[in-house]
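To start, the structure itself, in structure tokens.
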Amino acid sequence: MKIYNTLKRKKENFEPSNPPKVTFYTCGPTVYDYFHIGNARSFIMADITRRYLIYKGYDVKFVMNITDIDDKLIKKANEQGRTFSEVAAEYTKAFLDDIEKLKIKKADVYPKATEHMEEIRSLIEKLESRERAYNVSGDVFYDVKKFEGYGKLSGKNTDDLEVGARIELNESKRNPLDFTLWKKAKENEPAWESKWGSGRPGWHIECSAMSTKHLGDTIDIHAGGNDLIFPHHENEIAQTEGATGKPFVKYWMHFGFLNIQNEKMSKSLGNFFTAREILKKYRAESIRLLFSQSHYSGPLNFSEELLESAEKGLQKIRNFVENINEGLAGNIPGEYTKFDFTQYYQQFEEVMDDDFDTPRAAAIMFDFVRDVNKHIVENDNLPAAFYQQAKIFMEKTAGEVLGIVSFDESKDNSNNSLEKELIELLIRLRQEAKNDKNYQLADKIRDELKSLGIVLKDSKTGTTYKKE
Ligand code: AMP
Ligand code: ZN
């Protein structure tokens with residue numbers, strides 16, 4: 001199996017450190033708002049990569065961090081007169097809900113920055129003791145000059161970078177490229193105690209601390225969008241290798257941008273659709289099919305027309321699944337060997353082994369649908385065994401790897417998500433009743449939900465529920 005490694009600028013054989021184990025870290029969201037479908041592209045492509053590794057028999061530990069403290073979060077909290085943790089809790093929940101709706105497998109761990117202050121401080125202390133970090137009255141910086149390999153991931157040369165670096169207002173830095181590890185607290189900002197005084201961590205150090213805590217000093221795959229190569233991932237390497245002296249990541253994997261009219265979809269440009277608004281109009285499977293149909297490493301120009309044609313493609317697959325289910329229901333006994341299923345598995349694995357070539361994998365799946373349909377038309381009374389094999393192929397490839405089909409709609413979590421939305425609607429109505437001092441109605445909603453086995457729990461950050 002080959003994977004393109006940004007660090008080496010070439011495809012390499014995939015050889016994890018301790019097979020069959022694979023450690024996999026992806027940079028996750030900053031939870032100050034809903035995420036857009038550009039972010040979703042990176043999350044889905046990481047999900048498909050992980051699913052294919054599982055298909056290949058690897059035992060994958062998958063970690064995605066949640067940045068729950070940062071400038072944007074503090075700004076939003078101030079605008080809304082809320083605490084930063086209320087904002088973070090709201091959008092963490094929204095993130096997890098949207099991830100589930102997009103049929104993205106849950107990570108094994110979603111570490112949060114605010115829950116890793118100990119690890120972050122001790123990593124900075126280690127860098128300080130190795131003279132790679134310096135403290136200027138409560139702000140701690142990484143001394144880029146002390147790390148020889150700086151620039152090796154992005155291919156940037158530090159001299160060029162210095163010339164290009166913006167003239168920094170912050171004159172306490174030794175070098176304009178030096179970046180913040182620990183930020184001294186400003187008035188009225190959330191802060192944590194440390195040996196340098198109260199403050200909070202920089203964004204880059206969070207990922208170094210959380211990835212090594214959950215996956216060890218050397219990770220097999222570290223992924224993220226192209227925009228993270230520099231400076232985020234470059235800085236992660238400097239921090240982690242600077243502290244451990246060991247190679248940080250074996251394979252760096254980067255996802256191309258989702259663009260709109262050839263411009264990167266981003267919050268700051270305002271040219272975005274949130275995943276939740278797109279999910280109101282289109283199936284998660286159509287979004288996944290559309291993303292599968294272009295290679296993860298290149299750009300993808302998004303439009304709703306493209307999504308509509310993916311929806312049509314998906315319909316072909318859904319009709320096919322129905323045909324297979326009907327054939328299975330026919331229950332005709334007997335063996336069947338007149339259709340060669342193995343060639344399709346071989347083709348699928350061959351292309352996926354070549355740096356996760358999902359566009360070719362999707363094409364093979366459509367060939368399979370066409371060929372099996374033709375076989376059904378040309379042969380009467382095919383036994384259930386034939387349909388069973390067709391079903392297994394689709395389940396393993398289109399289902400378990402690409403995540404675009406499900407044979408059992410009752411297992412499909414779209415029903416669960418409707419249930420979830422209805423419960424959340426009732427929670428909001430109960431809150432409105434409380435706001436109107438209509439406690440009788442509020443209690444009635446709580447009690448009736450309880451009789452259905454749904455228990456509400458109120459806390460400072462809002463109401464959550466549990467099924468009993
Ligand atoms: P952020 O919350 O902005 O840090 O982004 C979360 C993830 O989405 C990161 O891996 C980013 O690289 C990725 N990302 C952001 N914008 C895009 C885009 N337009 N296309 C693809 N991935 C993106
Ligand atoms: Zn990161």
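Counting starts at 1 for both ligands and their atoms, in listed order.
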For the metal site, I want the angle between atom SG of Cys207 and atom SG of Cys27 with the Zn ion (ligand 2) at the apex, to 10°.
130°

Side chains of Asn262 and Asn301: any donor to acceptor distance under 3.5 Å?
yes

Indicate if the distance from the Zn ion (ligand 2) to the nearest N, O or S atom of His204 falls below 2.8 Å.
no

Checking distances from the Zn ion (ligand 2), one finds that the N, O or S atom of His232 closest to it is NE2

Taking only heavy atoms of the protein into account, state which residues are under 4.0 angstrom from an atom of ligand 1, in chain and number order.
Cys27, Gly28, Pro29, Thr30, His36, Gly38, Asn39, Ser42, Phe43, Gly224, Gly225, Asp227, Leu228, Gly256, Phe257, Leu258, Lys264, Met265

Do the side-chain N and O atoms of His233 and His254 include a donor-acceptor pair separated by under 3.5 angstrom?
yes

Do we get Lys21 above Tyr58's six-membered ring, with its NZ or CZ under 6.0 Å from the centre and within 45° of the axis?
no

Can the positive tip of Lys457 be found less than 6.0 Å from the middle of the six-membered ring of Tyr465, inside 45° of the ring normal?
no

Holding to salt bridge (Lys or Arg N to Asp or Glu O under 4.0 Å), I want the full list of residues that pass it with Arg288, two or more places apart in sequence or in another chain.
Asp47

Side chain to side chain contact (heavy atoms under 4.5 Å, CB included) partners for Ser292, two or more places apart
Ile48, Thr358, Leu402

Please determine if Lys145 forms a cation-pi arrangement with Tyr150, meaning its NZ or CZ atom is less than 6.0 Å from the six-membered ring centre and no more than 45° off the ring axis.
no

Strictly under 2.8 Å, is the Zn ion (ligand 2) approached by any N, O or S atom of His233?
no

Salt bridge (Lys or Arg N to Asp or Glu O under 4.0 Å) filter on Arg132, not counting sequence neighbours, yields none

